[in-house]
Amino acid sequence: MDIVINEIIMPCVYSLIASIAFGVQFNIRLKHMITAGIGGTITQLIFIAFQANDVGEMLCYFFSAAAVSVYAELMARRLRVPVNMYLVVGIIPLVPGGYMYNTMITLIGGDVDMFGHQLAETFGIAGSIAMGVFAVSALMRLIRIVTKKAI
C-alpha cells in the first residue's frame with residue numbers, strides 16, 4: 001500500500017498542486033483552475049503508467065504530452081476557452097527542468113562527455129513533449145477539416 005501511495009498517488013497530487021499553481025501564474029479563472037490542474041494529474045498518471053510497463057523514457061513523455069493535449073482539446077471545446085489555457089498548465093509536470101539543471105551542473109563541472117549525453121537526453125525529452133503536442137494538434141485540425149467538408 002505504501003508503494004501505491006508513494007509512487008502513484010503522491011506524484012499525482014504534487015502534479016495537481018503544481019499545475020494549479022502555474023494556473024494562478026497564468027491568471028486562469030477560478031472556475032477553470034481545477035479542470036486545468038486535472039490535466040497535470042492526467043499527465044503524471046499516464047507517465048507513471050507507461051513507465052511502470054517498461055516503456056522507454058522518450059515514449060513516456062510523448063504519450064503523456066499526447067494525452068494532456070487530447071484532454072486540453074476536449075476541455076477547451078467543451079468549455080469554449082483557448083486550448084493553450086489547459087495545455088500549458090497540463091504540460092508543466094513534464095517539463096525537464098531537473099534534467100536541464102543537471103546538464104548545466106555537468107557543464108560547469110567540466111565533464112564534457114557527460115554534458116553532451118545529458119544535453120542530448122534533455123533535448124530528446126523536450127522534443128518528445130513537443131511531438132506529442134504537435135501530433136494531437138495536427139490530428140484534431142485534420143478531424144475538424146474532414147468534418148466541415150462532410151457537412
Return yes if some donor-acceptor pair links the side-chain N/O of Ser19 with the main-chain N/O of Leu16 below 3.5 Å, else return no.
no
I want to check something: taking the side chain as every heavy atom from C-beta on, are Thr103 and Leu119 in contact at a cut-off of under 4.5 Å?
yes
How far apart are the closest heavy atoms of Ala72 and Leu87, and which atoms are they?
CB-N, 3.6 Å
To the nearest 0.5 Å, what is the distance between OG1 on Thr41 and CD1 on Ile46?
11.5 Å
Quick one: does Val88's side chain get under 4.5 Å of Phe26's, heavy atoms only?
yes
Counting only N and O atoms by type, is there a donor-acceptor contact under 3.5 Å from the side chain of Asp111 to the main-chain atoms of Leu107?
no
Under the side-chain contact (heavy atoms from CB on, under 4.5 Å) criterion, do Ile129 and Phe62 qualify, and how do the steps go?
CA-CA 5 Å; Ile129 295 169; Phe62 176 82; over 6 Å; no
Determine the minimum heavy-atom distance between Pro11 and Ile5, stating which atoms define it.
CD-O, 4.3 Å
Evaluate the side-chain proximity of Arg29 to Met85: yes if any heavy-atom separation is below 4.5 Å, no if none is.
no
Distance only, no hydrogens: is a donor on one side chain within 3.5 Å (strictly under) of an acceptor on the other, for Thr43 and Ser64?
no
Are any non-hydrogen side-chain atoms of Val112 and Thr106 less than 4.5 angstrom apart?
no
According to the interplanar angle, ranging from 0 to 90°, do the rings of Tyr86 and Tyr71 count as parallel (below 30°), tilted (30 to 60°) or perpendicular (above 60°)?
perpendicular
Check for a donor-acceptor pair, side chain of Ser137 on one end and backbone N or O of Val133 on the other, with a separation under 3.5 Å.
no
Hey, does Tyr99 have a side-chain heavy atom less than 4.5 Å from the side chain of Ile125?
yes
Should Gln44 and Tyr14 count as side-chain neighbours, where that means a heavy-atom distance under 4.5 Å?
no
